[in-house]
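Remember, predicted model here, so these are calculated numbers, not experimental data.
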Amino acid sequence: MRARLLLAGLLVPAAAMAAVEVTPLAGYRAGGVEIDTGIICVTLPCASFAESDDSVLYGAILGVPLNDNYQVEVLVNRQPTDLVFAESLGGGRNALSTVDFDVTHLHAGIMRLWRLRSFEPFVAVGAGQTWLDGSSAGRFDDRRWSGSAAAGARVPLGASERYFVRLEARGYLVDMPSGGFGQGGFPRSVESNLTQLETTVGVSLRF
């Protein structure tokens, strides 16, 4: 009896450890931050308006399966890009200096998975915070609440049940400051909500 209890005590933690999935990923994100810097133009060029470029991103997803069809996930990714200044809200880009600008999402959510023979389609939702970091510009630094939704598929690599290719499309909605300045002095956004879309590919390892 004691031997059985000891064996069960060893197997339960081992099973829990086996139910962890890590997915490094990379991709491309569209949908930039558009801001009114609050500068009143007297002479040109004048940085009264700025927007961030579409660019690549990198990150990872940590998943913990609840059962065969549901998985709790924590996602973190970072998009290094540039904040490009324009002369006015109606003007185009010009030779004004650009500054480094990073967008980082940290979300917790849940995935719904369908296990088919050759691939596993899924949908996922999440919520958390988004960091908008343009500290090299002096004061563009803020943290906002955000939500996301995704759809994609996992494709097993060979006969193994431990390795998958994960293909995903995800959209974000970020609550931007509608007037004045944000927590870190981030200028007023042109839009009250920031929408971003991305496509990513990763390799999932289950252990």
Please report the closest heavy-atom contact between [X] and [Y], naming both atoms and the distance.
| X | Y | value |
| --- | --- | --- |
| S118 | P156 | O-CD, 3.6 Å |
| A153 | F119 | CB-CD1, 4.0 Å |
| T81 | D53 | OG1-O, 2.8 Å |
| Y28 | V56 | CD1-N, 3.9 Å |
| H107 | G147 | CE1-C, 3.6 Å |
| S55 | P80 | OG-O, 3.2 Å |

Please walk me through it: do R78 and D133 pass side chain to side chain contact (heavy atoms under 4.5 Å, CB included)? CA-CA 11 Å; R78 188 174 185 85; D133 182 9; 4.2 Å; yes
How is the hydrophobic cluster of Y70 composed, in terms of its other members, when Ile, Leu, Val, Met, Phe, Trp and Tyr link through side-chain heavy atoms under 4.5 Å apart, directly or indirectly?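 Under the 4.5 Å side-chain rule, Y70 groups with L66, V72, I110, V125.
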Evaluation steps, side chain to side chain contact (heavy atoms under 4.5 Å, CB included), between V123 and M111: CA-CA 6 Å; V123 294; M111 171 207 279; over 6 Å; no
Beyond-backbone contact of [X] with [Y], side-chain heavy atoms, under 4.5 angstrom:
| X | Y | result |
| --- | --- | --- |
| V165 | L157 | yes |
| Q196 | H105 | yes |
| V174 | W145 | no |
| D100 | D82 | yes |
| L194 | L173 | no |
| F122 | E168 | yes |

For residues [X] and [Y]: do they belong to one hydrophobic cluster (side chain heavy atoms under 4.5 Å, members Ile, Leu, Val, Met, Phe, Trp, Tyr)?
| X | Y | result |
| --- | --- | --- |
| V76 | L25 | no |
| L75 | L57 | yes |
| F164 | V22 | no |
| V155 | L116 | yes |
| V201 | Y163 | yes |

Start with the C-alpha gap between R29 and Y172, add the side-chain angles, then the distance that decides, and say whether side chain to side chain contact (heavy atoms under 4.5 Å, CB included) holds. CA-CA 10 Å; R29 180 179 295 155; Y172 298 88; 4.0 Å; yes
Got a donor-acceptor contact below 3.5 angstrom from the N69 side chain to the L113 backbone?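 Side chain of N69 to backbone of L113: a pair is present.
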With distance as the sole criterion, is a donor-acceptor pair present between the side chains of T130 and R144 under 3.5 Å?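 Distance-only check fails for T130 and R144.
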Just do the side chain to side chain contact (heavy atoms under 4.5 Å, CB included) check on R166 and I61 with the steps written out, would you? CA-CA 10 Å; R166 176 168 173 153; I61 297 175; 3.5 Å; yes
Quick one: salt bridge (Lys or Arg N to Asp or Glu O under 4.0 Å) pairs with a partner in residues 146-159, sequence neighbours left out?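 Output for this query lists E21-R154, E120-R154.
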Enclosure of W114 CH2 (heavy-atom neighbours >12, cutoff 6.0 Å):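 Yes, the 6.0 Å shell around CH2 holds more than 12 heavy atoms from other groups.
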To the nearest 0.5 Å, how far apart are OG in S148 and CG in L197?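 S148 OG to L197 CG: 11.5 Å, rounded to 0.5 Å.
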